[in-house]
Each structure stands twice: as structure tokens, then as C-alpha cells.
There are 2 protein chains.
Amino acid sequence: MDERGPSSRPDEDGVSLGRTVRIQDVAKLADVSTATVSRALASPERVSPEARARVLEAIAKTGYVPNPAARSLRSQKTYMVLVVLPDLSNTFFSKILRGIEERLFEAGYGMIISDLDGSPEKEAHFAAFTAAGRVDGAILLNGHLFGQSRDGEGMPMKTGIPLVALCEAIPSADIPQIEIDNRAAASRMTQHLASLGHRSIAYVSGPPNNILERERFLGYREGLEASGLRFDPALVLPGDYTIASGIMAGQNLAALATCPTAVFCTSDEMAIGLMRTLLSEGLRVPEDISVAGFDDIEFAAVAEPALTTIRQPRRELGQAAAAVLIDLLQGRPSPKRIRLETELVVRDSVAPPQNREKAPAKSIRTIAMKPT
Amino acid sequence: MDERGPSSRPDEDGVSLGRTVRIQDVAKLADVSTATVSRALASPERVSPEARARVLEAIAKTGYVPNPAARSLRSQKTYMVLVVLPDLSNTFFSKILRGIEERLFEAGYGMIISDLDGSPEKEAHFAAFTAAGRVDGAILLNGHLFGQSRDGEGMPMKTGIPLVALCEAIPSADIPQIEIDNRAAASRMTQHLASLGHRSIAYVSGPPNNILERERFLGYREGLEASGLRFDPALVLPGDYTIASGIMAGQNLAALATCPTAVFCTSDEMAIGLMRTLLSEGLRVPEDISVAGFDDIEFAAVAEPALTTIRQPRRELGQAAAAVLIDLLQGRPSPKRIRLETELVVRDSVAPPQNREKAPAKSIRTIAMKPT
DNA sequence: AGTTCTGATGTAATCGTTTACATGGCCGCA
DNA sequence: TGCGGCCATGTAAACGATTACATCAGAACT
């Protein structure tokens with residue numbers, strides 16, 4: 001019945017606390033009412049300096065820590081935030097998470113993580129989770145609202161708590177969006193490739209129906225157009241942002257009738273997987289084919305060759321989302337949309353195209369001398 | 001005062017709920033007492049089938065979700081678990097996290113994450129967190145107990161809640177440990193290198209005072225000894241498991257008077273960073289120098305060359321830790337220590353040493369033909 | 001038939017806060 | 001001096017569940 005019995009000896013400072021320290025104990029010791037103790041903590045300016053000092057002293061003496069359950073029960077606030085994401089083990093998200101955690105921590109909020117893992121069952125569970133009032137707000141990285149019933153796509157979740165969409169905008173929902181301009185970034189990369197002389201630029205896509213993917217694909221086409229290149233559907237290879245899909249795309253690419261001189265992968269994972277395949281197929285990057293990525297994950301800089309990519313400020317994205325949510329939670333006005341800057345990071349995996357049909361692989365080295 | 005006002009229209013199923021559905025509402029609808037409703041949920045066998053059916057129906061009709069704060073206040077259980085880790089953005093941890101989350105979810109527990117980020121301030125905060133009873137238990141990935149006061153190393157945290165140490169054993173604490181045999185694994189890799197003919201094997205360490213590091217270092221020395229090789233302190237390069245430290249170690253390595261023929265890096269991140277540096281220094285892997293890693297992260301297989309490493313079953317480690325903690329929380333007996341198997345994954349970054357002093361780099365290719 | 005036990009249910013106390021409302025003292029203004 | 005207002009504080013009613021204890025009906029045994 002009472003498992004904590006044996007360990008309930010006097011704790012630190014010689015103050016023996018029979019059990020848990022309650023606000024009453026503090027009140028008694030400070031010779032004030034519980035209301036004053038509560039106020040001294042929540043809104044110090046509403047308590048006289050002397051009373052406050054006594055309360056603080058009593059708290060220090062007893063080691064009092066407010067009981068969150070009781071606090072939450074009464075005040076309807078949990079100081080907890082739910083973060084929903086599709087895949088916790090993905091490098092891309094974990095860096096963002098860190099940004100989120102930082103800000104939340106500063107503001108005194110805890111972070112509960114839900115790895116959706118593609119399971120609708122989990123979605124339902126976490127919809128209930130929010131409904132039960134276990135969290136004050138949520139940050140959604142999964143690109144859609146969960147708990148959407150019959151109405152399918154169109155029906156936003158009515159949780160009644162503040163929500164923020166991070167990275168993947170949620171079109172039908174009227175909630176703040178924190179994101180980058182995926183379209184502009186993709187367009188820029190495409191134009192970068194084109195400006196180096198590439199005329200045949202393949203594209204490795206993200207998962208279908210993904211908002212990110214739609215935007216990036218639009219950017220790709222825009223970039224082609226802006227560079228006066230024709231869009232060729234045959235050069236669009238399916239992917240899903242994973243290393244494995246990059247490897248697959250590499251195989252598909254190598255099997256293409258006329259191999260393009262450049263590939264734009266919409267994630268670094270795919271780019272790295274793809275380079276790997278290309279390399280083992282005997283193609284060299286960037287001499288035979290240029291490869292570009294997206295995200296600038298840690299490994300992009302140490303890939304071989306180092307990956308040219310688009311940097312997303314992941315930590316900052318997380319921080320911004322958390323900041324907006326906190327504003328919302330605390331009733332402050334907050335921007336409806338934040339777009340953070342991306343950056344084109346030029347490394348070694350992209351180079352001007354070289355005429356590889358004319359010579360066997362070995363002699364290419366001489367051609368490579370050309371640039372000055 | 002009441003922000004939810006405007007959105008409080010009838011919800012689903014046409015059942016209009018003025019505000020939140022309470023257990024009383026369910027009780028009234030099912031024509032039983034609140035106690036029966038509570039029991040129907042917590043211990044169905046203690047309620048008659050008819051009553052249970054009525055309760056369940058009423059719950060379905062009203063969409064009742066128990067209020068966690070109230071439940072927690074009364075029952076002293078939160079159904080929340082704290083996971084403490086040193087760096088959330090690290091690939092290695094995030095895969096483990098996923099394993100943890102899976103198991104916790106199945107058992108109905110939520111996961112709160114604390115990214116320690118090397119900040120003692122945060123440790124204090126989370127010590128208070130557990131003390132306040134916000135979680136029922138914790139999984140520690142950080143290798144020590146927080147909240148250790150004056151006594152320094154030796155004083156285990158007295159939180160009064162079940163704890164489990166994952167990966168990094170906590171020597172002074174009497175809590176279950178889930179881990180791999182780091183020492184045996186490191187020894188095995190060292191012997192693997194030696195068995196290929198390497199006589200001079202460098203070691204890139206983890207952070208000092210880290211338990212993992214200590215074990216792996218012991219394994220390294222053991223492996224050397226078992227292979228009849230002498231330990232040379234000059235071949236131990238400092239690292240901290242990060243890519244950056246691997247890059248640094250690569251520079252130090254290249255600067256060494258007599259370059260070893262093999263390097264054992266105690267993390268894949270370091271191995272990949274190190275290979276990168278080596279490559280740009282003009283050394284080839286594995287022809288000039290073999291590189292081995294530890295962990296088998298996703299990128300190990302697609303590194304160039306593909307990394308020979310030790311596979312840690314990360315997801316399983318997370319699952320096992322969660323399972324043990326759940327046992328503990330539910331009063332079941334649980335193992336005091338679980339050691340999961342590692343696996344030596346042989347890829348391309350390790351090869352027998354080749355005599356590189358006799359010939360200039362170019363002609364090495366002929367030597368490389370040797371293997372049949 | 002009387003007693004005891006068991007199983008299903010209800011009643012109401014309890015968990016530890018926050019906070020609406022009441023109180024009382026003090027200041028300043030007329 | 002009297003009165004409105006403000007400030008600091010106290011009192012006590014929530015918040016919404018769990019659960020110890022009481023109750024009661026019926027079964028089973030002597």
C-alpha cells in the first residue's frame with residue numbers, strides 16, 4: 001500500500017519531511033496563508049516584500065516543489081507541449097527538436113514527443129492526448145492535423161489548444177506556419193546547376209502528396225523554366241527522403257537511357273545514398289555527374305565528395321516555432337507565418353558538366369584540368 | 001477569462017457538451033456511480049458485465065476522456081516517463097529514442113524528453129522535475145545521475161522513482177543497466193584489425209571520464225594484448241564522438257611521425273569525419289590506412305568507403321530499457337542487467353595493410369591487385 | 001433457518017493547488 | 001472627520017478523478 005515508507009527518512013538539511021512538502025507546510029512555516037504562498041510564486045508583485053521573503057525562505061527550507069498535477073487540475077494549464085513528428089530517428093528532425101526544446105525549456109515548458117511512425121492508431125491516440133488536456137499546445141511537424149474524422153483532408157482538428165505547424169505547412173488549417181521557402185530554394189538550386197552549364201537535370205522527389213515535395217517540385221520546374229530548360233518527366237525519379245530511396249534512385253538513374261549531367265536530390269540523405277550508388281556503378285561525382293542535396297545535415301559536409309546543398313536553419317526553425325507557440329500560450333500576439341532564410345552551400349559534389357562521351361574514364365583527368 | 005467560449009458549440013455525434021465531459025456525466029448517463037465508472041475502466045473484472053457495457057456505451061456517447069491531472073493528483077501516477085540524454089540531435093540517440101517511444105506507447109506511457117546539452121542548470125531543473133512527481137520513472141542515457149549534490153560522483157539521486165540506465169552504466173547507482181558489452185566489442189574490432197596484419201593501430205577516444213570510453217579503451221588494450229601488440233600511448237587520439245572531433249583526429253593522425261596503418265574510431269561520426277580529412281590529405285582508405293568505426297549508424301553503410309564498424313542494436317536497446325522500466329513501474333520483477341549483442345560489420349574501409357613506403361602513391365594500384 | 005462469505009455497487013473523503021470573494025487597514029481627498 | 005479606493009491578505013470553494021469504507025443482496029454452508 002505504501003511503498004515509499006522505508007525511504008521516508010529525514011532528507012537533506014536535517015529537515016525531516018514526513019512525506020511530501022505541501023503548500024500548507026510552507027504557509028505554516030512562513031506564517032501566511034496558502035493563497036499568499038501561491039501568489040508569491042505566481043505573481044510576486046501582488047505580495048508584500050516581507051511576506052515574499054518569508055515565503056521564499058520557507059520554500060528553501062522545506063524544499064517545496066509545487067505539485068504539477070494539482071496545479072494543472074485547478075488552473076487547466078500543464079506547461080507541457082506536444083511535438084508531433086513523422087520520424088524521430090531522422091537527423092533532420094532531431095536537430096529541429098533541439099531548437100524546440102531549448103526555447104520551451106527557457107519558458108518553463110516541458111516537451112512531450114510523439115513519433116507518429118506512420119501509424120493512424122498513434123494519431124488517434126495523440127488526438128485524444130491533446131483532447132484530454134495533457135498539453136497546453138502542440139507543434140506539428142507532420143504536415144497534417146490528426147484526428148481528422150470523416151471529412152478527410154479538409155477537416156482541421158478541433159483540439160481547442162494552440163497549434164503551430166513547423167516546416168510542413170498545413171493548408172487547410174488556420175494556424176501559424178514556420179517554414180522555409182522550399183519553392184524558392186529548389187528553384188535556386190536548379191538555377192545554380194543550370195548556370196554551371198547543365199542542360200539535363202534530374203530530380204529525385206520526396207514522397208508523393210507531401211507538401212514539401214510539392215513546393216520543391218514547383219521550385220524545380222520554375223528553376224528549369226527560368227534557365228530556359230525544358231521539363232522532362234523522365235528525369236523525375238521517385239524518392240521519400242531516406243537513404244534507401246536515394247540508393248534506389250541512383251540505380252534508376254544509372255539505368256536511364258541518357259544519363260543527365262546533374263541530379264537534384266530533395267534531401268541530403270537521398271543525395272548521399274545516390275552518390276554511393278553512382279560511385280559503385282563506376283561513375284564519378286562531380287566529374288561524370290553532379291549531385292545536389294537539400295537540408296545541409298551534418299554529414300553533408302563530410303560526404304565524399306562534400307555535398308552541395310541548401311542549408312535549412314533547423315535549430316532556428318525549432319526555436320521559432322517554440323517561440324510562436326509560447327506567445328500563443330501566453331496570449332501575446334504572434335506572427336501568422338515565419339519564413340526563415342535558406343542558404344545555397346556550394347561544396348564539391350557539383351561542377352560544370354564535362355563531355356564524357358568522347359573519352360574513356362581515365363583520360364577525363366586531363367579534361368578536369370580545364371577550369372582556371 | 002474564458003477563451004474556449006466561442007468554440008464550445010456541439011461537437012461530434014450531435015451530443016452537445018457544454019464543456020468538458022466529466023466522469024459524473026458518464027455516471028449519470030450510465031445510471032451508475034462515479035466509482036463504478038472508474039472501476040469499469042481501471043479494473044473491468046470488478047464490475048458486472050451489464051454495468052460495464054452501459055458505462056462503455058456512455059463513454060462512447062459522450063466522448064469522455066479521463067482528466068489526467070485529476071487522475072494523477074489522486075493516484076500519484078502520471079503515466080509519463082522522462083528520458084534524459086546528452087544530445088538530442090545526435091543520430092545515435094534518436095534511433096534509441098524511437099525504440100523507447102515504441103514500447104512506452106504500447107504500455108500507455110508518454111515520453112518527456114530532456115536534452116541535457118551539457119548544462120548543469122538543466123540537470124537541476126530535471127531533478128526537480130522528477131522530484132515534483134511529474135513522471136513515474138526515468139531512463140537515463142547520460143551516464144550519471146543528476147541532482148547529485150555535495151558528494152559528487154558517489155551520491156546517487158534520491159528521486160524515489162524507478163530509474164533505468166541505458167547504454168552508459170552508472171557505476172555508483174543500484175539501478176538496472178541496459179547496455180552492450182563495449183569492452184568485448186572494442187576488443188573484437190581491435191583483434192579484427194590485428195588479424196588482418198595491422199601492427200600499428202591508432203585509437204580515437206571518446207570524451208574523457210565517459211564510461212563508454214573507459215570500457216572501449218579497455219577493450220582496445222585488451223585486443224592489442226590478445227594480438228600480441230604493444231600499446232603505444234602516442235597512438236591514442238582524443239575525440240568526443242562528434243564529426244568535428246573526427247576531423248581533428250584526422251589532422252593529428254596525418255601529423256604523426258609514423259602513421260599507423262589502421263585507426264579504430266570509437267564512433268562512426270568520428271570515423272566518417274576522419275576519413276574525410278584523410279582523403280583530403282591525399283591518403284586513401286583503406287589502401288593507405290584502414291578506418292573502423294563504432295555504432296553502425298545509417299550513414300556508415302553509405303560512407304565512401306563503406307565503413308567497417310560495430311553494430312549496436314539501437315532500437316532494441318531503447319525497447320529493452322523501456323520494457324524494464326515498465327516492469328519496474330508495474331511492480332513486476334525485472335532483470336538487473338541486460339546486455340544486447342553487438343555485431344562486427346565488415347565493409348570496405350578496412351583492409352590488410354599495404355607497404356606504402358616503397359612506392360609512390362600511383363603505383364600502389366598494382367599492389368592493390370594482389371588479393372584474389 | 002441462521003450464519004458467513006463473496007461480489008457488485010454506492011458514498012464521500014481525499015489528492016494539493018489556484019483563485020473568486022471577503023476582509024480589514026491605510027491613505028488621500030473633500 | 002468621513003468616505004471611496006486600493007492593497008495585502010485570508011477563507012474556502014472549486015478542479016475531476018481514485019479509492020477506503022460501508023452497504024446490501026444473494027449464494028453457500030452448517
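Remember, predicted model here, so these are calculated numbers, not experimental data. Per chain, numbering begins at 1; letters A, B, ... match sequence-line order.
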Residues forming a side-chain hydrogen bond (donor to acceptor under 3.5 Å, both in side chains) with E179(B), sequence neighbours excluded:
R337(B), R339(B)
Between dT11(C) atom P and I23(B) atom CD1, what is the distance in whole Å?
14 Å
Quick one: list whatever passes side-chain contact (heavy atoms from CB on, under 4.5 Å) with P335(B), sequence neighbours left out.
V324(B), I338(B)
Contacts to DNA chain D from residues 67-75 of chain B, heavy-atom cutoff under 4.0 Å, which residues?
N67(B), A70(B), R71(B), L73(B), R74(B), S75(B)
Side-chain N or O of S38(B) closer than 4.0 Å to phosphate OP1/OP2 of dA17(D):
no
Set of residues satisfying side-chain hydrogen bond (donor to acceptor under 3.5 Å, both in side chains) with respect to N67(A), sequence neighbours excluded:
none
Pair K61(B) + E57(B): basic N to acidic O under 4.0 Å:
yes
To the nearest angstrom, the NZ-C1' distance between K77(B) and dC15(C) comes to 14 Å
Between CG of D25(A) and P of dC15(C) the distance, given in whole Å, is 12 Å
Which residues pass the salt bridge (charged side-chain N to carboxylate O under 4.0 Å, His left out) test with R39(B), sequence neighbours left out?
none
Answer whether the closest heavy-atom distance between the side chains of K77(A) and L329(A) falls below 4.5 Å.
no
Filter on salt bridge (charged side-chain N to carboxylate O under 4.0 Å, His left out), then keep only pairs touching residues 321-331 of chain A, sequence neighbours left out; what's left?
D327(A)-R332(A)
Rounded distance (Å) that lies between atom C1' of dT18(C) and atom CZ of R22(A)
16 Å
Protein-nucleic acid N or O pairs under 3.5 Å, nucleotides 6-9 of chain C:
unit_1	atom_1	unit_2	atom_2	d
dT9(C)	OP1	S48(B)	OG	2.8
dT9(C)	OP2	S48(B)	N	2.8
dT9(C)	OP2	S48(B)	OG	3.3

side-chain N/O Y64(A) vs dT17(C) OP1/OP2, d < 4.0 Å
yes
Listed partners of R22(B) passing salt bridge (charged side-chain N to carboxylate O under 4.0 Å, His left out), at least two apart:
D25(B)
Using the test side-chain contact (heavy atoms from CB on, under 4.5 Å), find all partners of I59(B) that sit at least two apart in sequence or belong to another chain.
V26(B), L41(B), V55(B), Y64(B)
Which residues share a salt bridge (charged side-chain N to carboxylate O under 4.0 Å, His left out) with R54(A), sequence neighbours left out
none
Rounded distance in Å - CZ (R134(B)) to P (dG16(C))
16 Å
All ring-ring contact (aromatic ring centres under 6.0 Å, His included) counterparts of Y109(A), not counting sequence neighbours
Y79(A)
End-to-end axis angle, where each axis spans five pairs of the helix from dA1(C)-dT30(D) to dA30(C)-dT1(D), to 10°:
40°
